[in-house]
Amino acid sequence: PLSGPTTSPTILSSTGPSSRPTTIPTILPPVNPSSRPTSIPIPSSRPTIMPAILQSEIPLSGPTTTPTILPSAVPSCGPTMVPTILPSVIHSSRPTSIPTILPSAVPSSGPTKSIIHSSRPTTVPTLLPSAIPSSRTTTFPTDLPSLLPIVFVKPTTLPKLSPSLAPHHSEITNKVDISSPSLLSNFNTQTKLLLRARVRSSVNCFSNWSISDSSIDLLTSSILSGKEFVEANKDVTVHLYILANTLAISQAYKFTFNCGQIHSVINVISNSPPQSGSFFIEPPRGVEVDTVFLLSADFWEDDDLPLSYQFGHDGIVIKDKSILSFVSTVLPSGSSRLLYAINCTMQVFDSLSAFSFQAAQVTVKPVDSSALSTFINAQLSSGATATVITLIGSLLNKVNCTGVGNCKLLNRQECSAVDFSCGECYRGYIGDDGPQNTMCTKVSSSLTVSSARTASPVSCKLDSECNSFEVCNNGSSTCEVPSKQCPSSCSSRGTCNFIDNNNGRSLSDCKLTSSSCRAVCACDSGFSGSSCSLSPAQLMQKMMQRQQLLTNLNSLPLLNATSETVLARAATLLSITRKSDEISPAAVDPALATVQNLLTAASQTEVSYEELDNILKSVDSTASAFSDGNQTQQLITSICLFSSLTTSQMVKGQKNVENVFNNFRAVTASFVGVKEEAILSVPQSLFEQLQASKKSSVELSQNLSSGVPLKVTLIEPSVKLLNSDNSYL
């Protein structure tokens, strides 16, 4: 190069720079920048390809394509397209379009324009709020409040220095959400259907449910029809509770909820139980406790696998639900009235508990009593399984039905529980309690208090000329209410006496319509039992056998029991405790322990409290053998467990659940929104209702206006269970 610079620069740059820079920069930048900047404060019109190691004293009017490794001492007027890796010591007057990965030590005076906030908040909040809040709150609040409040957010640790410009409020809107505890896409029609509509309306309205199938009347087919007043601006849950077996199988239903301007639809598709199978028994006839019968189910089909099978007879489960499609067992004999035929049953379940049912008859003739007793004792000494316990219970319940008339004409069940007697009244009929040979009358609206009483004798020639529950006395030719009868007329081996239920004293008479007295046998010497049909030795043996069965039943495990297992054990318990006169005081404890274990297991399954009526029947039968107040307390505990299961399944608005038995009565109710006194009464028998008898009641005065439900169970044991202790009243 020349010793001095030229007046005008060359068109092309030199290979190496001169020791002194030119007064005017070259048009094209050199490949390598000079070690010192030009002395002219005007930058070149085009930046260098690579930035200088040292920054210029005066920055360029436009940013470089790639930022320098180190930030400038003074930021440029405009931000770079891509932010630097490290933040500037002094932030720019304008924020970047995209926030930096790390926050600045000092926040910018204005928020970024990006709608995406940074993943990490700044240590100190900005002076002005962001347009969109961050997902995480800052440690300290801003000095100025937001222009609009944030709805449903977590408050800051410290309060704001000044209030918000706009008050916090939420807009009231109409909304509804429908849910159900059931599987609606494959609903089991053999169970109850519960639909819950949680609704909030801006105005008062009346709720209503409808169904797409016009043949179903929701008013008559529901426990709760879902018709309810909904108060404005309050969250209200409206229930539609449909009875089991209301919906048809393999159908699609549309349920619509309406309340004023609010409408919502939910679809239910019903499941189909197993189909196309058969049930048979081999051999078709045999002898009790001797012939081994094979009960088998074949060719059943269903989409919801695996299938399970359960076998039984006359309401008793022989074999609990399992995947085995057959069972081999001996059977008890049938009744001589039915030519020794017994009804065997089979249930096949799919994986969603929908089941099909079939029955078949088999003829089983009896053996003599000594062979039967030998078989029972041998089975008890060998350690009984659930199947054997059920079988022995059935054998102990055999009755002699010789000479019993046509029970259908009396509106009663067939002879099955007491020797020489028809069974209880049909459902919907009223008459003398328990198995009897007296007439039962159909309950109807015409059956009133006046028709159950006779103010003065009325002449008659036929029973049809008398009022309900009256017969024509052939001797006086007048209508009169007959006296209660003893079981089997005491088998002609004793005297029928009448006892006052309140004090245990003897009475001269006990009319059929009275609930305050009962008829009992006073057996002649050498005879025992409720109907005087057993010798004292026979009665003692049966008591010991039932006590052993109850002890064995209570020892069977119930861990992870299914609904079917609980119901099967409850049926077995009822079978063992059916004859209350054969329950000893020593058998009470294992019986009530079994009751409490079953109710505890039931609370962990989907079994309905309506299906556990057998348990309360067992408690009532066992109570006849109580010997002290401690056993009465166990009865109270058992009923309370049943009530807890009941209240857990009750819904708002459901009717009270009532149970009336000989030794106790109970009612369970759910109160919501009680502001004044509510009265809960002990349920009465039908005769008591007809006679307008005085009720036992409890008055509740707790304020429940908050909407929290109060669930109450009222229990009234019979006087004979209380002895001299009135604490249970």
Side-chain angles (χ1 to χ4, degrees), residues 315-316 373 376-377 380 384 389-399 416-419 421 423-424 433-435 486-488 491 499 501 504 518-523 527-556 569-599 613-639 642 661-664 717-718 720-723:
I316 303 298
S373 179
I376 292 174
N377 291 331
L380 287 175
I389 292 172
T390 301
L391 174 63
I392 296 176
S394 299
L395 295 173
L396 290 177
N397 290 331
K398 290 176 58 178
V399 295
S416 62
V418 176
D419 291 341
S421 295
E424 297 181 349
D433 291 338
C486 282
S488 303
S491 305
I499 303 297
N501 289 333
R518 64 187 186 277
V520 295
C521 288
C523 297
F527 298 98
S528 298
S530 61
S531 61
C532 303
S533 60
L534 301 173
S535 68
Q538 289 174 324
L539 179 60
M540 180 60 65
Q541 182 185 40
K542 287 180 178 293
M543 283 184 171
M544 293 179 63
Q545 289 171 337
R546 290 185 188 273
Q547 179 185 344
Q548 184 63 50
L549 287 176
L550 289 169
T551 301
N552 292 345
L553 181 64
N554 186 47
S555 66
L556 294 178
R569 298 282 175 84
T572 300
L573 176 64
L574 179 61
S575 174
I576 300 173
T577 58
R578 171 179 288 182
K579 295 189 175 183
S580 58
D581 60 319
E582 297 178 9
I583 302 296
S584 66
V588 171
D589 288 343
L592 293 182
T594 303
V595 167
Q596 294 172 18
N597 290 337
L598 285 172
L599 289 173
D613 185 54
N614 284 344
I615 286 185
L616 291 184
K617 290 180 180 178
S618 297
V619 172
D620 180 55
S621 181
T622 304
S624 301
F626 283 8
S627 60
D628 57 53
N630 289 333
Q631 292 177 331
T632 302
Q633 180 58 58
Q634 291 185 56
L635 176 140
I636 301 294
T637 301
S638 299
I639 299 174
F642 182 86
F661 295 95
N662 291 330
N663 289 299
F664 68 89
S718 62
K720 69 177 182 178
L721 297 184
L722 300 177
N723 296 324

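Treat the numbers as computed from the prediction; the structure is a model and nothing was measured.
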Give a yes-or-no answer on whether the side chains of R546 and N397 include a donor-acceptor pair shorter than 3.5 Å. yes
Smallest heavy-atom separation, S618 atom then T577 atom, equals OG-OG1, 3.3 Å
Do S528 and C523 come within less than 4.5 Å of each other through their side chains, counting heavy atoms only? no
So which heavy atom on Q634 is nearest to which on D589, and how close? NE2-OD1, 3.0 Å
How far does OG of S416 sit from NZ of K398, to the nearest 0.5 angstrom? 14.5 Å
Taking C-beta and beyond as the side chain, do T390 and S575 meet within less than 4.5 Å on heavy atoms? no
Separation of L616 CG from I639 CD1 (nearest 0.5 Å): 7.0 Å
Can a donor-acceptor pair be found, under 3.5 Å and without considering hydrogens, that links the side chain of S535 to the backbone of Q538? yes
Applying side-chain contact (heavy atoms from CB on, under 4.5 Å), run through T622 and L635 and close with a yes or a no. CA-CA 9 Å; T622 304; L635 176 140; over 6 Å; no
Student check: side-chain heavy atoms of T551 and S555 closer than 4.5 Å: no
Over all atoms of both residues, closest heavy-atom pair of L573 and A591: CD1-O, 4.4 Å
Here the gap from L550 atom CG to Q547 atom CD, rounded to the nearest 0.5 Å, amounts to 8.0 Å
Would you say the side chains of N501 and S718 form a donor-acceptor pair under 3.5 Å? no
Note, E582 side chain near L534 side chain (heavy atom, < 4.5 Å): yes
Roughly how far, to the nearest 0.5 Å, is CG of N663 from CG of D620? 4.5 Å
Going by heavy atoms in the side chains, are V595 and L598 under 4.5 Å from each other? no
Tightest non-hydrogen contact, residues I636 and P717, listed as CD1-CG, 3.9 Å
For a quick test of reading the model, state the closest non-hydrogen atom pair linking D419 to S533 and the distance between them. OD2-OG, 3.7 Å
Not counting sequence neighbours, which residues clear salt bridge (charged side-chain N to carboxylate O under 4.0 Å, His left out) with K542? List them please. none
With rounding to the nearest 0.5 Å, note down the distance linking OG1 in T594 to CG in L553. 4.5 Å
Taking the side chain as every heavy atom from C-beta outward, state whether P487 and C521 have any atom pair closer than 4.5 Å. yes
Among C486, S488, S421, find the one that has a side-chain contact (heavy atoms from CB on, under 4.5 Å) with S531. S488
Rounded to the nearest 0.5 Å, what separates atom CZ in R578 from atom CG in N614? 9.5 Å
Would you say T572 and L549 make side-chain contact, with heavy atoms under 4.5 Å? no
Looking at every heavy atom in both M543 and D581, which two are closest together, and how far apart are they? CE-O, 3.3 Å
Please examine the side chains of F626 and L592, heavy atoms only from C-beta on, and report whether any two atoms are closer than 4.5 Å. yes
Stepwise, does the side-chain contact (heavy atoms from CB on, under 4.5 Å) test hold for Q541 with Q545? CA-CA 6 Å; Q541 182 185 40; Q545 289 171 337; 3.8 Å; yes
Counting N and O atoms only, with roles assigned by atom type, does the side chain of N377 sit under 3.5 Å from a partner on the main chain of S373, one being a donor and the other an acceptor? yes
